[in-house]
Amino acid sequence: MEGGTCIENKTSGDPMNDGGAVGGDQALPPMAYIEVAEDSEYAVVVVERVKVACNQIGGFAGMIEQPALDSLEISVAGDTLYVKPLIGDSAGTGCTCLTKFFFRVSAESPFMNTSLLVVNDQLNLGNRMQIHNKTAEKKEEQERAAFLERGFKAGRCIAGLDDIPVANKPALFKNAVYALADDDLPEATLSIHDNGDHVLILQNVMDYCGVNAKMSQEMVGDTLNLQYTDVVDVTDCICTFDEFRFAIPDENVNVRYAKFNGKLYKIVRSIA
């Protein structure tokens, strides 16, 4: 147990974000998040708005409530982190408060692989809450920003063609042949994500194993031409990737076809 404090029982003013709406209780729901400090082997878990027994201490402004937490019992089963507050003998009779407390765990599995937290004692009776992994969320946001800036992201290389000379690589892509009939064209999926991003996904794409460049997009009629720009360097090998992703700006979302490395794709749409 690292520390804890009683907090006020406020509402957010937004019933969609408040808990207990069915029973008329507009209190904010319990919540938990985990974050790894930089250059640390520990992660801090913070749990908010959980009811615990408390002590009342007299102060200048009246009685002050403090959580009567001696320690915590912590265990992991599957994707769930179980936390049981252990209450001190000095806890006042009938005194409870909503508490924010935090503790440290190892910044490795199984703790970092948990997604649910359960507080189970005589007061909470199995409060379940999602664990917001702030470290993972921060990493995802950084990766998203890099993807949007670069314009593309290669997937996993499933087949390498290391023996193709560097000089032949541009010709390989330039001379690629594709069918013009819609029924014969491979499909590319244009997915709409919850955050508003439009991502074009191509499968089984042959390309350089590694490229230091950005991606340009040019609409020609109903076809979106995708090609590298500001090329700094490419590797000496070619791979077939399981997928290739492109960040599509709003002005290009009405595309019907896409062309990359000389290959034409028919666009289908989905919601991610």
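No experiment lies behind these values; they were computed from the predicted model shown.
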Tell me the closest heavy-atom pair linking [X] and [Y], and the distance in Å.
| X | Y | result |
| --- | --- | --- |
| Cys6 | Cys54 | SG-CB, 4.3 Å |
| Ala136 | Asn133 | N-OD1, 2.9 Å |
| Val255 | Tyr257 | CG2-O, 2.6 Å |
| Leu116 | Gln130 | CD2-CA, 4.1 Å |
| Pro110 | Val76 | CB-CG1, 3.9 Å |
| Asn55 | Ala68 | ND2-CB, 3.7 Å |

ILVMFWY network linking [X] to [Y], side-chain heavy atoms under 4.5 angstrom:
| X | Y | answer |
| --- | --- | --- |
| Val268 | Ile201 | no |
| Leu200 | Val253 | yes |
| Ile248 | Met219 | yes |
| Val50 | Met31 | no |
| Ile74 | Met112 | yes |

Within 6.0 angstrom of [X] [atom1], more than 12 heavy atoms from elsewhere:
| X | atom1 | value |
| --- | --- | --- |
| Glu108 | CD | no |
| Glu137 | CD | yes |
| Glu149 | CD | no |

So do [Y] and [X] actually touch side chain to side chain, heavy atoms under 4.5 Å?
| X | Y | answer |
| --- | --- | --- |
| Leu226 | Tyr265 | no |
| Ile34 | Leu117 | no |
| Val44 | Glu35 | no |
| Val45 | Phe111 | no |
| Val119 | Met129 | yes |
| Ile158 | Asn204 | yes |
| Asn195 | Arg144 | yes |
| Leu72 | Pro85 | yes |

Measuring from [X]:[atom1] to [Y]:[atom2], what's the distance to the nearest 0.5 Å?
| X | Y | atom1 | atom2 | result |
| --- | --- | --- | --- | --- |
| Glu218 | Asn225 | CD | CG | 6.0 Å |
| Thr189 | Arg269 | OG1 | CZ | 10.5 Å |
| Leu69 | Thr99 | CG | OG1 | 6.0 Å |
| Thr80 | Asn113 | OG1 | CG | 12.0 Å |
| Met215 | Arg245 | CE | CZ | 14.5 Å |
| Leu190 | Leu202 | CG | CG | 10.5 Å |

Item to check | side-chain contact (heavy atoms from CB on, under 4.5 Å) assessment of Ile267 paired with Arg256 | outcome: CA-CA 5 Å; Ile267 302 296; Arg256 292 185 59 195; 5.6 Å; no
Checklist entry - Does Lys153 count as lying over the ring of Phe147, i.e. NZ or CZ under 6.0 Å from the six-ring centre, within 45 degrees of the axis? => result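 Judged by the rule, Lys153 and Phe147 form no cation-pi pair.
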Next on the checklist: Apply side-chain contact (heavy atoms from CB on, under 4.5 Å) to residues Lys139 and Glu143 and explain how you reach the verdict.
Outcome noted: CA-CA 6 Å; Lys139 181 179 179 181; Glu143 291 177 348; 3.3 Å; yes
Checklist entry - salt bridge (Lys or Arg N to Asp or Glu O under 4.0 Å): which pairs involve residues 95-105, sequence neighbours left out? => result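 Every pair satisfying salt bridge (Lys or Arg N to Asp or Glu O under 4.0 Å) with a residue in residues 95-105: Glu2-Arg104, Glu48-Lys100.
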Item to check | Phe260: which of Phe152, Phe246, Phe241 passes ring-ring contact (aromatic ring centres under 6.0 Å, His included) | outcome: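 That would be Phe246.
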Is the backbone of [Y] close enough, under 3.5 Å, to the side chain of [X] for a donor and an acceptor to pair up by distance?
| X | Y | value |
| --- | --- | --- |
| Thr135 | Val36 | yes |
| Ser191 | Ser270 | no |
| Asp242 | Arg156 | yes |

Checklist entry - With Asp230, which residues qualify under side-chain contact (heavy atoms from CB on, under 4.5 Å), at least two apart? => result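 For Asp230, the residues satisfying side-chain contact (heavy atoms from CB on, under 4.5 Å) (neighbours in sequence not counted) are Lys214.
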Next on the checklist: Regarding Cys209 and Cys237, I want to know if their SG-SG distance comes in below 2.5 Å, which is how I'm defining a disulfide.
Outcome noted: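 Yes, the SG atoms sit under 2.5 Å apart.
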